[in-house]
Amino acid sequence: MAKKDAPIRDVMLVAKVDRRLLAHVPDPTKLRSGVDRRDNLQSDESRPQYARYAGQRYSISLRVKISGEGFAPFTARCKDISQTGMLLKMPKRASVPQHFEKDNQIKLDFHLNEGMLQEGTEGHYRIKGHVVRVMDDQCHFAVQFDQALYMTRKRTTDTLIFSVAALFLFLVSLVILLMRVESVMFFSDRALLYGYSILTAAFLLSRYFFGMLYKPVPVDPDYTPSVTIVIPCFNEEKWISRTILSCIDQDYPPDKLDIVIVDDGSTDGSVEAIQNTVNDLCREGARYNLQNRIRVFLQRYNQGKREAMALGIRNARTELIAFVDSDSFLEPDAIRNLVQPMKDPRMGGVSGRTDVANAYTNHLTKLQCVRYYISFRMMKAAEAYFDSVMCLSGPLSCYRLDMVREVYEKWLHQTFLGQKATFGDDRSLTNFIVEHHRTYYQDTAICSTIVPNRHKVFLRQQMRWKRSWLRESLKAGKFIWKKEPMMSIFFYLGLLIPLIAPLIVLYNLVYVPLTMHIFPTTFLMGMLMMALMMSFAQLILKKSTLWLHGLLFCLYYELVLLWQMPWAWITFWVSDWGTRGTGKKKKQIKRGSSAATATNG
């Protein structure tokens, strides 16, 4: 393989493996508690989302300066860390200092780089703690912080970040409004251009305004409807085991959670990985009745994600059905949070929040990290304000099973311009549901997903998404006017603006400078303000160092992604997934005489 084609190693958090595969599942036999003994802050509801499992440890290698009374300062190396403590090892040829023992009060000085803990925790820390365990034979010792990292950061850093970012976001919004006043004043001179400018500003400002007003549905511990999680899988040998484990290791009544895994004719080692994982789970979790709760279906040949989802729908036997992509990983309370909006009987579907699991791999994944967060936390949240989320995303979504079965045949056999629809499956199913029911976004239901780390794969994915977005948006445009009026207006704006954006950019950046000899200062300033709004919103809500990549993403969008839209207009018929290699001849896997065979643990 040529060097340029060598795979890029994804940079991800490395969680310390718990000795129990199902550490978060409520034990029906009451033999053990679900409380994490390492987390002494479980009652703190004010902590940020990334610290909801404060006792979760992550493997790192980090130099830490240690000082305290009764011993000389020294440097140790951190082997793993959580929000509440860390495990350290003395340097080689060094022993534990004299008088260094359990219950010693110490001071720790260290710097967390990007990717060592969750996004938003990077920075310098000087904190106090005490030794809880000393292991002389290995020169290891464990330290518990007197104050959790997120509390220390909130006191020293986050308040300042929030204040400064909020101020700049206000100033940026003010500048945008003033620029639009200019557009109104000179509207008669160039009505089309200034009209586009006004509409674009109104649309984006409204998204951020309603996104800020959004609130997730709080958890009712007594509301636990039965759920089937369907995991469609095709050639995900690397990630499928982690996906399955995250779906079954949920803080949710085990008798109300089923898992259906559908392998869609994988040609790699996915099937073996699935079977090994299910066998391991069934051996360890006998008291959770996993033998009857996990079912595996193997399709003889690749038929596409929609067919795999459909097989899961046909075999679901619960009130709700959830879909999880095979390269996405749920937080332990994702399902408990995801189902909460379903207390409203008019609610047909819910989307969870998707973060980027491999955010720190390279600049491309960092760009996507900011984009994902704003797309969910602002754009979907704004739609949720009107109970009309237009795409319940594939990494984590949930529907009422009876409503899905009502539209099942139309969705499964959907065609467009006479051809079978082969992608945009999640957006398509959302369209069928949102036409007659409510849909919502639950920000506290969190999963993380693997995003492309190569530009070639990323651009193919974006082209596929644009085609499905355009197809499904045109379909939604036929009924969305029946919804809440303001939601309908902004939907049509959201459809119109991207379609004509390439023409507006060409006019401002090419036609005007060449024919009128005017530098497009105002247009470029407007683009900068929109990019800053995205970046500062991300900084306010996540408080991470990745906020600058919001600016870079907007530049990448204008230079590259924007120009995919005209090509998407004229290539509706193309059905290649791009990221799946569907342009190549597929290898058929013989697995019996039927279209799919079923197995269980």
Side-chain angles (χ1 to χ4, degrees), residues 1-2 4-10 12 229-247 259-281 294-315 323-329 357-358 394-395 412 419-426 449-454 456-465 467-468 574-601:
M1 182 179 289
K4 65 178 181 179
D5 294 325
I8 297 174
R9 178 180 174 272
D10 282 307
M12 301 171 61
I229 300 177
V230 177
I231 308 173
C233 175
F234 176 68
N235 286 355
E236 289 290 358
E237 175 186 4
K238 186 175 181 180
W239 305 116
I240 186 61
S241 292
R242 180 172 172 179
T243 299
I244 295 170
L245 287 171
S246 75
C247 288
I259 308 293
V260 171
I261 306 160
V262 182
D263 181 81
D264 188 26
S266 293
T267 57
D268 63 354
S270 294
V271 172
E272 183 179 0
I274 291 170
Q275 292 174 335
N276 288 340
T277 303
V278 172
N279 290 338
D280 289 343
L281 283 167
I294 303 179
R295 289 172 291 159
V296 179
F297 295 87
L298 308 178
Q299 305 219 92
R300 284 199 302 144
Y301 55 90
N302 181 254
Q303 302 178 58
K305 181 181 177 182
R306 191 171 306 207
E307 291 287 348
M309 293 170 66
L311 185 55
I313 292 170
R314 292 196 298 271
N315 287 278
F323 296 99
V324 175
D325 283 347
S326 53
D327 58 356
S328 300
F329 323 117
N358 55 334
L412 180 60
Q419 294 200 13
K420 182 176 175 59
T422 57
F423 52 77
D425 313 299
D426 304 295
T449 194
I450 304 297
V451 299
N453 56 30
R454 286 185 178 277
K456 184 178 181 180
V457 178
F458 174 68
L459 292 175
R460 287 177 176 175
Q461 178 203 64
Q462 295 302 302
M463 178 58 71
R464 173 168 54 85
W465 285 3
R467 289 176 182 140
S468 66
V574 177
S575 59
D576 190 349
W577 267 59
T579 56
R580 298 295 187 184
T582 51
K584 301 178 181 179
K585 184 178 180 180
K586 291 186 176 63
K587 177 181 177 182
Q588 180 167 322
I589 305 298
K590 295 183 179 181
R591 292 175 178 151
S593 58
S594 60
T597 58
T599 67
N600 58 33

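Note that the coordinates shown come from a computational prediction; the quantities given were computed from them, not determined experimentally.
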Q.
Measuring from atom CE of M309 to atom CG of L412, what distance do you get when rounded to the nearest 0.5 angstrom?
A. 10.5 Å

Q. Does the side chain of E307 come within less than 4.5 Å of V262's, by heavy atoms?
A. no

(Q) For the OG atom of S266 and the CG atom of N302, what is their distance to the nearest 0.5 Å? (A) 8.0 Å

(Q) Let me confirm one number: the SG-CZ distance from C247 to R242, rounded to the nearest 0.5 Å. (A) 12.0 Å

Q: Please determine which of D263, D264, D325 meets the salt bridge (Lys or Arg N to Asp or Glu O under 4.0 Å) test together with K305.
A: D325

Q. S326 side chain to I240 main-chain N or O, any donor-acceptor pair under 3.5 Å?
A. no

Q. So, do K238 and D268 sit near enough that their side-chain heavy atoms are less than 4.5 Å apart?
A. no

Q. Within a strict 4.5 Å, meaning less than it, do heavy atoms of the R314 and F297 side chains meet?
A. no

Q: Give a yes or no answer on whether the side chain of T243 reaches the backbone of W239 with a donor-acceptor pair at less than 3.5 Å.
A: yes

Q.
Testing D280, T277, I229, V296 one by one against I244 for a side-chain contact (heavy atoms from CB on, under 4.5 Å), which residue passes?
A. T277

Q: Side-chain contact test, heavy atoms from C-beta onward, threshold under 4.5 Å: evaluate it for L245 versus F329 and give yes or no.
A: no

Q) If we only count heavy atoms from C-beta on, is the V230 to I313 side-chain gap below 4.5 Å? A) no

(Q) Is it the case that the side chain of N358 and the backbone of V451 share a donor-acceptor pair, with hydrogens and angles ignored and the cut-off at 3.5 Å? (A) yes

Q: Report the distance from atom CD1 of I261 to atom CD1 of I274, rounding to the nearest 0.5 Å.
A: 6.0 Å

Q | From Y301 atom OH to Q299 atom CD, the distance as rounded to the nearest 0.5 Å | A | 8.0 Å

Q. Just how far is it from atom CG of D327 to atom OG1 of T449, taken to the nearest 0.5 Å?
A. 4.0 Å

Q: List the atom of G424, the atom of S468, and the distance in Å for their closest heavy-atom pair.
A: CA-CB, 3.5 Å

Q: Quick one: closest heavy-atom pair of E237 and G269, and the distance?
A: OE1-N, 3.2 Å

